[in-house]
Amino acid sequence: MKKSRHKKIIELIQKYDIETQEELAERLRAAGFAVTQATVSRDIRELKLSKLSTGPGRQKYIAMLKEDGTSGDKYVRVLKDGFLSMDMAQNILVVKTVSGMAMAVAAALDAMRFPEVVGCIAGDDTIFVAVRTVEHTQMLMEKIRSMTN
């Protein structure tokens, strides 16, 4: 039951901008899970969910998971260590990195499995990130800013 609930939590936070534990609990109940606030709080801790700023006074839960389902803290560290700047060109995000770090940062971005990202191409110090739409590019830039500041 816990595994399926955790899977559903990941699905929900990837699909919706969920700001509070109460909102997450409501969505889980609507999906057929009988949960309490304490259960949701424990699940958030076990899944190591983070909150990401989505605009002035707004936040949402996010999960940065590797393929095996474990925490992606090391990917955030790689992103922070290598990131210099970024700029958008329509639905292409151009990320500048420390020389020699583009491949590692691109791999970290891929591993974070942002739903907005289609894929990355990396050189020595530049990454082209193909993003689904212009709006998604702006959302992705905000996510990256919140992780690198």
Side-chain angles (χ1 to χ4, degrees), residues 1-83 85-95 97 101-122 127-149:
M1 184 66 157
K2 186 199 265 190
K3 270 189 170 183
S4 62
R5 189 176 63 242
H6 282 189
K7 183 178 178 184
K8 189 61 166 180
I9 289 170
I10 298 301
E11 286 175 28
L12 289 169
I13 66 172
Q14 287 177 340
K15 187 173 184 181
Y16 303 104
D17 288 352
I18 298 176
E19 292 190 75
T20 65
Q21 290 182 10
E22 294 79 21
E23 185 182 350
L24 181 55
E26 285 175 28
R27 292 203 183 264
L28 283 167
R29 286 186 206 107
F33 293 90
V35 294
T36 64
Q37 188 275 331
T39 301
V40 171
S41 179
R42 238 184 337 271
D43 288 342
I44 289 169
R45 202 170 35 257
E46 288 174 10
L47 290 168
K48 296 185 178 176
L49 301 183
S50 299
K51 280 211 168 175
L52 174 71
S53 174
T54 59
R58 311 253 332 165
Q59 293 184 327
K60 73 174 192 170
Y61 284 107
I62 61 165
M64 288 177 279
L65 302 175
K66 296 190 293 185
E67 295 301 316
D68 63 3
T70 58
S71 172
D73 293 339
K74 72 178 180 181
Y75 297 126
V76 174
R77 210 170 27 254
V78 169
L79 178 62
K80 280 183 176 182
D81 290 347
F83 178 85
S85 66
M86 64 185 155
D87 199 1
M88 68 181 277
Q90 298 292 344
N91 67 316
I92 305 259
L93 180 61
V94 179
V95 178
T97 70
M101 286 289 293
M103 293 284 276
V105 172
L109 288 170
D110 283 336
M112 288 182 206
R113 297 187 305 191
F114 291 110
E116 301 88 353
V117 174
V118 178
C120 299
I121 298 173
I127 305 165
F128 280 15
V129 183
V131 185
R132 297 190 189 287
T133 66
V134 172
E135 294 78 24
H136 283 131
T137 306
Q138 293 164 336
M139 290 169 50
L140 180 61
M141 288 177 76
E142 182 56 39
K143 288 178 181 181
I144 292 171
R145 267 190 213 102
S146 73
M147 285 187 265
T148 56
N149 288 332

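These numbers come from the heavy atoms of this one structure, side chains and all, not from hydrogens, waters or symmetry mates. Quick caveat, the model's predicted, so the values are computed rather than measured. Count residues from 1 along the sequence.
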Atom of M86, atom of M141 and distance for their closest heavy-atom approach: CE-O, 3.2 Å

Looking only at side chains, do N91 and H136 share a donor and an acceptor under 3.5 Å apart? no

Atom pair CZ (R45) and CG (L47), whose distance is rounded to the nearest 0.5 Å: 11.0 Å

If you look at every heavy atom in D110 and C120, which pair is closest and at what distance? OD1-SG, 3.4 Å

Value for CE (M139) from NZ (K143), rounded to nearest 0.5 Å, stands at 5.0 Å

Backbone N or O of F33 within a donor-acceptor pair of the R5 side chain at under 3.5 Å? no

Residue among T133, V131, V134 satisfying side-chain contact (heavy atoms from CB on, under 4.5 Å) with Q90: V134

Between T148 (side chain) and I144 (backbone), is there a donor-acceptor pair under 3.5 Å? yes

Kindly compute the distance separating CG (D17) from CD (Q14), expressed to the nearest 0.5 Å. 12.0 Å

Taking NZ, NE, NH1 and NH2 as the nitrogens, is one of them in K8 or E11 under 4.0 Å from a carboxylate oxygen of the other? yes

Determine, stepwise, if the pair E26 / R29 fulfils salt bridge (Lys or Arg N to Asp or Glu O under 4.0 Å). CA-CA 5 Å; E26 285 175 28; R29 286 186 206 107; 5.8 Å; no

Check A106 against I127 and note the closest heavy-atom contact, atom names and distance. N-CD1, 3.6 Å

Steps toward side chain to side chain contact (heavy atoms under 4.5 Å, CB included) verdict (V95, T97): CA-CA 6 Å; V95 178; T97 70; 4.2 Å; yes

Starting at CG of D43, measure out to CG of L24 and round the result to the nearest 0.5 Å. 8.0 Å

May I have the step-by-step check of side chain to side chain contact (heavy atoms under 4.5 Å, CB included) for Y61 and Q21, ending in yes or no? CA-CA 9 Å; Y61 284 107; Q21 290 182 10; 3.4 Å; yes

To the nearest 0.5 Å, what is the distance between CZ (R132) and CD (E116)? 8.5 Å

Could you walk me through whether I92 and V94 pass the side chain to side chain contact (heavy atoms under 4.5 Å, CB included) test, one step at a time? CA-CA 6 Å; I92 305 259; V94 179; 4.3 Å; yes

Shortest non-hydrogen contact from A108 toward Y75: CB-O, 3.6 Å

Between Q138 and E142, does a side chain to side chain contact (heavy atoms under 4.5 Å, CB included) hold up when you go through it step by step? CA-CA 6 Å; Q138 293 164 336; E142 182 56 39; over 6 Å; no

When every non-hydrogen atom of V105 is compared with those of G82, the smallest separation belongs to CG2-CA, 3.9 Å

Going from CG on L109 to CG on L93, what distance comes out if it is rounded to the nearest 0.5 angstrom? 8.0 Å

Any side-chain heavy-atom pair from L140 and M88 closer than 4.5 angstrom? no

Side chains of K60 and I18 in contact at under 4.5 Å (non-hydrogen atoms): no

So for atom CE, which belongs to M103, do other residues, nucleotides or ligands contribute more than 12 heavy atoms lying within a distance under 6.0 Å? no

